[in-house]
Protein chains: 2
Amino acid sequence: MGGRFPIAIHILTLLSKAGDDLLSSDYIAGSININPALVRKEISNLRNRGLIISKEGKSGGYRLGKLPGQVTLADVYLAVKTQPVLGAAKNTPNPACPVGKQINKNIDKLYANLDKTLLEKLTTISIEDFSNQFD
Amino acid sequence: MGGRFPIAIHILTLLSKAGDDLLSSDYIAGSININPALVRKEISNLRNRGLIISKEGKSGGYRLGKLPGQVTLADVYLAVKTQPVLGAAKNTPNPACPVGKQINKNIDKLYANLDKTLLEKLTTISIEDFSNQFD
DNA sequence: CTTTACTGTAATATTTAGTATTACAGATGG
DNA sequence: CCATCTGTAATACTAAATATTACAGTAAAG
């Protein structure tokens with residue numbers, strides 16, 4: 001899954017604490033300690049989901065697109081997810097084998113099931129909840 | 001997470017269906033369509049967990065180490081897990097920032113929480129359950 | 001007791017995905 | 001019109017996953 005989920009959480013936590021103030025990608029990158037362009041790229045993705053609002057030009061920057069209590073970790077998960085949580089095999093199972101022939105379908109079913117469980121949990125936690133853990 | 005979880009499930013499903021018969025790494029690799037050495041490597045790991053028993057020498061091979069109903073997907077998950085399901089960031093957050101300073105601890109707490117949720121679910125599904133889905 | 005068919009494991013190469021960097025056009029406020 | 005910011009693409013770099021090869025060790029079978 002890479003590190004995009006924790007990065008996204010970090011970004012949103014900073015914005016949550018900043019309230020209506022706009023934060024720059026440079027500032028955010030300084031807290032996370034990664035490249036500003038990467039911050040902007042991830043924010044571009046989160047913005048497409050309505051989680052962040054951006055303002056261009058001088059004195060531009062970023063703020064949350066919703067109230068911190070209205071942004072759930074499920075939103076974040078869905079925004080950054082590219083692969084199934086338990087991993088995608090890159091093999092092509094043997095279709096001549098009864099197990100090989102059906103395993104992908106059954107793995108998919110399992111993964112949908114697990115995703116549902118995970119999302120139910122993630123929906124109960126907001127960015128506000130998460131950022132309240134900080135001093 | 002890579003593809004180790006689905007590969008492990010595939011292996012265990014084949015063994016579950018084979019009952020007391022021993023399957024060779026070549027046969028298993030043929031169903032999954034990956035290299036036999038990789039199969040042996042993953043099985044080596046699963047064997048350390050008691051999920052598989054192996055027999056060396058001519059007419060050697062593999063069979064389940066427990067009844068199919070006694071091997072849960074939680075066992076498999078714990079056997080193959082190397083990274084947190086929602087990903088580990090590889091940055092070092094800025095300790096001079098209040099958020100950066102505490103985020104790793106809070107992410108860890110969150111992950112422990114999510115892992116618990118996931119494991120509870122995975123514990124309810126056995127390899128027998130999974131392999132019964134096949135014709 | 002030698003041949004054959006397996007496992008166990010390490011060393012190495014290859015591929016792929018993730019991350020980092022650079023660059024620059026576009027927007028906006030001063 | 002200059003300074004400071006975002007948006008985005010192109011490219012390079014790094015690290016992790018996977019594949020391949022090789023071979024020693026083990027056990028069955030003749």
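Each chain gets a letter, A, B and so on, in the order the sequences are listed, and its residues count up from 1.
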Practice task
Calculate the interatomic distance between B:N33 atom CG and D:dT20 atom C1'; express it in whole Å.
Solution key: 15 Å
Exercise for the section: Would you please confirm or rule out a distance under 4.0 Å between OP1 or OP2 of C:dG8 and any side-chain N or O of B:Y62? Expected result: yes
Problem - Minimum-distance nucleotide to A:L38 side chain [options: D:dA3, C:dG8, C:dT21] - result: C:dT21
Exercise for the section: Please report, rounded to the nearest Å, how far the P atom of D:dT14 is from the CG atom of B:N91. Expected result: 18 Å
Problem - Flag if over 12 foreign heavy atoms under 6.0 Å of NZ, A:K105 - result: yes
Exercise for the section: Take the protein atom CG of A:N48 and the nucleotide atom P of D:dT6, then report the distance between them rounded to whole Å. Expected result: 16 Å
Problem - B:L67-B:L23 co-clustered via ILVMFWY side chain contacts under 4.5 Å - result: no
Handout entry: Donor-acceptor contact present, side-chain A:R49 to main-chain A:L78, <3.5 Å
Key = yes
Problem - Shortest side-chain distance from B:A37, nucleotide among C:dG8, D:dT21, C:dT21 - result: D:dT21
Problem - side-chain N/O B:S59 vs C:dA5 OP1/OP2, d < 4.0 Å - result: no
Practice task
Answer with base, sugar-phosphate or nothing: what part of the nucleic acid does A:G60 contact at a heavy-atom distance below 4.0 Å?
Solution key: sugar-phosphate
Completion exercise
A:E56 CD to C:dC24 P, in whole Å, measures 19 Å
Handout entry: Any A:S44 side-chain nitrogen or oxygen under 4.0 Å from OP1 or OP2 of D:dT6
Key = no
Problem - Whether over 12 other heavy atoms sit under 6.0 Å from B:K17 NZ - result: yes
Problem - Charged N-O contact under 4.0 Å between B:K81 and B:D115 - result: yes
Practice task
Map B:K90 and B:K41 onto DNA chain D by nearest heavy atom, then report which one ends up closer to the 5' terminus.
Solution key: B:K90
Problem - Selected nucleotide, minimal atom distance to B:I34 side chain, candidates D:dA19, C:dA23, D:dT20 - result: D:dA19
Handout entry: B:S24 side chain, from C-beta outward: closest of D:dA19, D:dG7, C:dT7
Key = C:dT7
Problem - Any A:K55 side-chain nitrogen or oxygen under 4.0 Å from OP1 or OP2 of C:dG29 - result: yes
Practice task
Starting at atom CD of A:E42, determine the distance to atom C1' of C:dA20, rounded to an integer number of angstrom.
Solution key: 15 Å
Exercise for the section: Name the closest nucleotide to the B:R47 side chain, picking from C:dG8, D:dA28, C:dT22. Expected result: C:dG8
Exercise for the section: To the nearest Å, give me how far apart CZ (B:R40) and P (D:dA24) are. Expected result: 15 Å
Exercise for the section: Could you tell me the separation between the CG atom of A:L23 and the P atom of D:dT4, rounded to a whole number of Å? Expected result: 18 Å
Problem - Closest-nucleotide ordering on DNA chain C, the 5'-leading residue of B:K58 and A:Q83 - result: B:K58
Problem - Whole angstrom value for the distance that separates P of C:dT12 from CG of B:N35 - result: 17 Å
